[in-house]
K.L.:
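Please see the structure below; I have some questions.
Quick note: numbers below take in every heavy atom, side chains included, and nothing from hydrogens, waters or symmetry partners. Here the structure is a predicted model, which is why all the values come from computation and not from measurement. Within every chain, numbering begins at 1; the chains are lettered A, B, ... in the order of the sequence lines, protein sequences first and strands thereafter.
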2 protein chains.
Amino acid sequence: MNAYVLEPFWLRVFEVASRLKDIAKETGYSINTVSLALRGSERVPEATRNKISSVAKKFHYVPNNVARSLVSQQTMTIGVILTDITSPILTAVAHYIERLLAQLGYAMVLITTDKSLEHEKRALDVLRAQQVDGMLVFPANHANLSHFEALKETAYPLVLLAGRRTAPFDLIAMDDTLGAYKATRHLIELGHKRIALFSGGGEKLEGYQQALRDHDLEIDQSLIFEPGGIDYEHGYKAAPALFRLEPPATALLTATDYLALGAIAWCKAQSIKIPEQLAVIGFDDIEAAKYSDPGLSSVTYDAARISKRAVHRLMELISQPSAAQKQTEKTIIEPDLALRESSGKHLKVSVS
Amino acid sequence: MNAYVLEPFWLRVFEVASRLKDIAKETGYSINTVSLALRGSERVPEATRNKISSVAKKFHYVPNNVARSLVSQQTMTIGVILTDITSPILTAVAHYIERLLAQLGYAMVLITTDKSLEHEKRALDVLRAQQVDGMLVFPANHANLSHFEALKETAYPLVLLAGRRTAPFDLIAMDDTLGAYKATRHLIELGHKRIALFSGGGEKLEGYQQALRDHDLEIDQSLIFEPGGIDYEHGYKAAPALFRLEPPATALLTATDYLALGAIAWCKAQSIKIPEQLAVIGFDDIEAAKYSDPGLSSVTYDAARISKRAVHRLMELISQPSAAQKQTEKTIIEPDLALRESSGKHLKVSVS
DNA sequence: CTGAAAGCGCTTACAG
DNA sequence: CTGAAAGCGCTTACAG
């Protein structure tokens, strides 16, 4: 048995230079000149630049950004904190943000909090430690933002992707209150008086209540359900309760489309007709809303617009060290209703 | 007009120390000791450690990882390259990977390639420059991996999340060939002889063809469609062609569930019965497959398992500088069939 | 038990 | 046109 093992051939195929020093040694120039040359400085003549570049290319040299960042004080990296990427709207947001950031030369560090404030705090520290140049965050809890205050003090560029306009931070968000208001109003205008809500509270609940009030309808607490989640299964499980009410609900607004789709599935299994026996409107207008059967009416979520404006605003904050910080900017986007079959048309028989 | 603007009150509420130097000055110890203390070294007495920690906490000090990384030669950051995060399976993969990585103390830098080899190459360079400790990649093209060779030379920890077992890299992937084989075989066993395929080629096409061959069925090229994409709309648009064939297809296998759902939607609009007139099996077993109407049969994709094994293997490669590198490890996971209504039961009337 | 020094791989004034 | 030096904020031997 041979104790001496030859290096495999391919180990020698590529020469690798990991540092400026290596290519300096190879070319005979100083680290200094190599650095300048590789960044295309006019201060080094073209011929030299080409010579150095070709050696760098041969070695497949890639600059060490951590060293570069240490001196430049910027990492060209943005932290993105989301509650959950499996939610269709947040998937879309992550997708748009990543592309926009990449175009601008930034990399995205993505952290997920699963709606836990503890995770959110930790994420903030992780991203600060990583020295990200800015943060985009979809907060776990719209009402509890105090842990972001410290960032504000250090003038850390931060843009929230959801929340209320009273939040003391830069913010780009859909107007959930208005969305719920519009959906509820639409159902009222169709003739419904027993409109149920599946929602964990917050802005959507407020919009729902306001619409009822504005149309002189009583707010019946027994019509308001906290389905214990935002997914298909939660809607499915919560649906039966609608028909135990006396009188039963004739319409339903849900905090997410999956909740609505789950409720509809249960109804179909019971041969309850949608929208004849239950008119349904969801929230977010996800892909599945378009091709469910019946098509699901929904409140739109403009992920592209939110992402674009948020990234744009973040870049402003990054490039304007402190001036922009003093004045926070809020953009609240008005949602539309995407009406399909599930919400139905005007009721044939007006319920008394 | 007053030219002198007072600093707002809140600018002074928090004191901020961004460097070890600041807290060294505050406590009177050297940078050195502070560094040790903050990392809980036994070499500095507990009393001193506590004193230093409390000052650090008061200043809300967070270590600068870019400086730390420069000396430790590790960034505690993993690069993840996916073709697209809006695809349900890749969303799931990104989600699992992020959580696993977070548990291990790593942050995830996510880059999307949109299936472009150019983007993929650029992503590789970006991540190398960022000095990520390892990479997890879902390659744009299973057959074109040459740009990963350079990483191999530098013993850069890399695990592929899809591809063929012949790829010269560490790999954890679903066995798409086998998945397509099983689905096709199932359709054959149900009595189908005119089985169409919506797929861009590759492993799934191979599995489909092999199953036909193994059952002595002719491979009819007119049954094989390249739908020009993997989404709902592509399936919807490609479906009519199935019924222009002579004789028409009686079964359909698609490369993704959305393709199947789109095709089914078109059929429903034409009052074509699923599965009676067309038995359908999709790929990936996404959420929507469960609650579509009819339920969509599909080939499973075990995102949790792939993510877990991939992260585990990557950690091995990271901790074992070179030994593990010489031998690449491949794990090809066998998919199952998730059978629901869309694929039907045995054909009542056996087609000649 | 604690500090001064060197160094991680770069960039940025500053000389010459 | 090019190089030597200082420094970014840390950690790691090395002294004392």
K.L.:
Phosphate oxygens OP1/OP2 of D/dC10: is one of them under 4.0 Å from a side-chain N or O of B/Ser35?
P.N.:
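So the side-chain polar atoms of B/Ser35 never come under 4.0 Å of the phosphate oxygens OP1 or OP2 of D/dC10.
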K.L.:
Just how far, in rounded Å, is P of D/dC10 from CG of B/Leu36?
P.N.:
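Rounded to whole Å, this separation is 14 Å.
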K.L.:
Whole angstroms only, please: what is the CG-P distance between A/Asp22 and C/dC8?
P.N.:
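It is 11 Å, rounded to the nearest whole Å.
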K.L.:
Using a cut-off of less than 4.0 Å, is there contact between a side-chain N or O of A/Gln131 and OP1 or OP2 of D/dG9?
P.N.:
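A/Gln131 to D/dG9 OP1/OP2: no side-chain N or O under 4.0 Å.
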K.L.:
May I ask you to evaluate whether B/Tyr61 reaches the phosphate of D/dC10, defined as a side-chain N or O under 4.0 Å from OP1 or OP2?
P.N.:
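So the side-chain polar atoms of B/Tyr61 do come within 4.0 Å of the phosphate oxygens OP1 or OP2 of D/dC10, strictly under.
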K.L.:
Does D/dG3 have OP1 or OP2 sitting under 4.0 Å from an N or O in the side chain of A/Ser30?
P.N.:
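For D/dG3, OP1 or OP2 has a side-chain N or O of A/Ser30 closer than 4.0 Å.
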K.L.:
Please tell me which of the listed nucleotides, C/dG3, D/dT2, C/dC8, lies nearest to the side chain of B/Val71?
P.N.:
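Between C/dG3, D/dT2, C/dC8, the one nearest the side chain of B/Val71 would be C/dC8.
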K.L.:
Find the distance A/Ile31:CD1 to C/dT12:C1' and express it as a whole number of Å.
P.N.:
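Nearest whole value for this atom pair: 14 Å.
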K.L.:
Rounded off to whole Å, could you give me the NZ-to-C1' distance for the B/Lys51 and C/dC1 pair?
P.N.:
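In whole Å, C/dC1 C1' lies 12 Å from B/Lys51 NZ.
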K.L.:
Take a 6.0 Å sphere around NZ of B/Lys308 and say whether it holds more than 12 heavy atoms from other residues, nucleotides or ligands.
P.N.:
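Atom NZ in B/Lys308 is not crowded, with 12 or fewer foreign heavy atoms closer than 6.0 Å.
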K.L.:
Only one of A/Glu120, A/Lys121, A/Glu118 passes side chain to side chain donor-acceptor pair (under 3.5 Å) with A/His147; say which it is.
P.N.:
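Only one option passes, and that is A/Glu120.
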K.L.:
Which listed nucleotide (C/dC10, C/dT2, D/dT2) is nearest to the side chain of A/Arg43?
P.N.:
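Of C/dC10, C/dT2, D/dT2, D/dT2 is nearest to the side chain of A/Arg43.
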K.L.:
Tell me which nucleotide among C/dG9, D/dC10, D/dC1 gets nearest to the side chain of A/Pro45.
P.N.:
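The answer is D/dC1, which lies nearest to the side chain.
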K.L.:
Determine: side-chain N/O of B/Arg39 to OP1/OP2 of D/dT11, distance under 4.0 Å, yes or no.
P.N.:
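Looking at the OP1 and OP2 atoms of D/dT11, one of them is under 4.0 Å from a side-chain N or O of B/Arg39.
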K.L.:
Return the pairing partner of C/dC14 with a 3.5 Å limit on both distances, Watson-Crick or G-U wobble; otherwise return none.
P.N.:
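Across any shown strand, C/dC14 pairs with D/dG3.
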K.L.:
Want to settle it: does A/Pro63 or B/Glu42 sit nearer the 5' end of DNA chain C, counting the closest nucleotide to each?
P.N.:
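With A/Pro63 and B/Glu42 compared, the 5'-side residue is B/Glu42.
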K.L.:
At what distance, to the nearest 0.5 angstrom, does CZ of B/Phe138 lie from CG of B/Asp84?
P.N.:
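B/Phe138 CZ to B/Asp84 CG: 10.0 Å, rounded to 0.5 Å.
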K.L.:
Measure from CD on B/Glu46 to C1' on C/dC1 and round the result to the nearest Å.
P.N.:
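Value for this atom pair: 15 Å.
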K.L.:
Could you give the distance from OG (B/Ser69) to CD (A/Gln130), rounded to the nearest 0.5 Å?
P.N.:
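Spacing of OG (B/Ser69) from CD (A/Gln130) equals 6.5 Å.
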K.L.:
Round to a whole Å and report the spacing from CG of B/Leu38 to P of D/dT12.
P.N.:
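About 14 Å, once rounded to whole Å.
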K.L.:
At what distance, to the nearest 0.5 angstrom, does CD of A/Gln320 lie from CD1 of A/Ile318?
P.N.:
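Interatomic distance, A/Gln320 CD to A/Ile318 CD1, rounded to 0.5 Å: 11.0 Å.
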K.L.:
Using whole Å, report how far CD1 of A/Ile52 lies from C1' of D/dG3.
P.N.:
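For the pair A/Ile52 CD1 and D/dG3 C1', the rounded distance is 12 Å.
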K.L.:
D/dC8 C1' sits how many Å from A/Gln73 CD, rounded?
P.N.:
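So the CD-C1' distance, A/Gln73 to D/dC8, works out to 6 Å.
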K.L.:
From the options D/dT2, D/dC10, C/dG9, select the nucleotide whose nearest atom is closest to the side chain of A/Leu70.
P.N.:
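Among the listed nucleotides, the one closest to the side chain of A/Leu70 is C/dG9.
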K.L.:
Using OP1 and OP2 only, check whether a side-chain N or O of A/Ser72 sits under 4.0 Å from C/dT11.
P.N.:
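For C/dT11, OP1/OP2 do not have a side-chain N/O of A/Ser72 under 4.0 Å.
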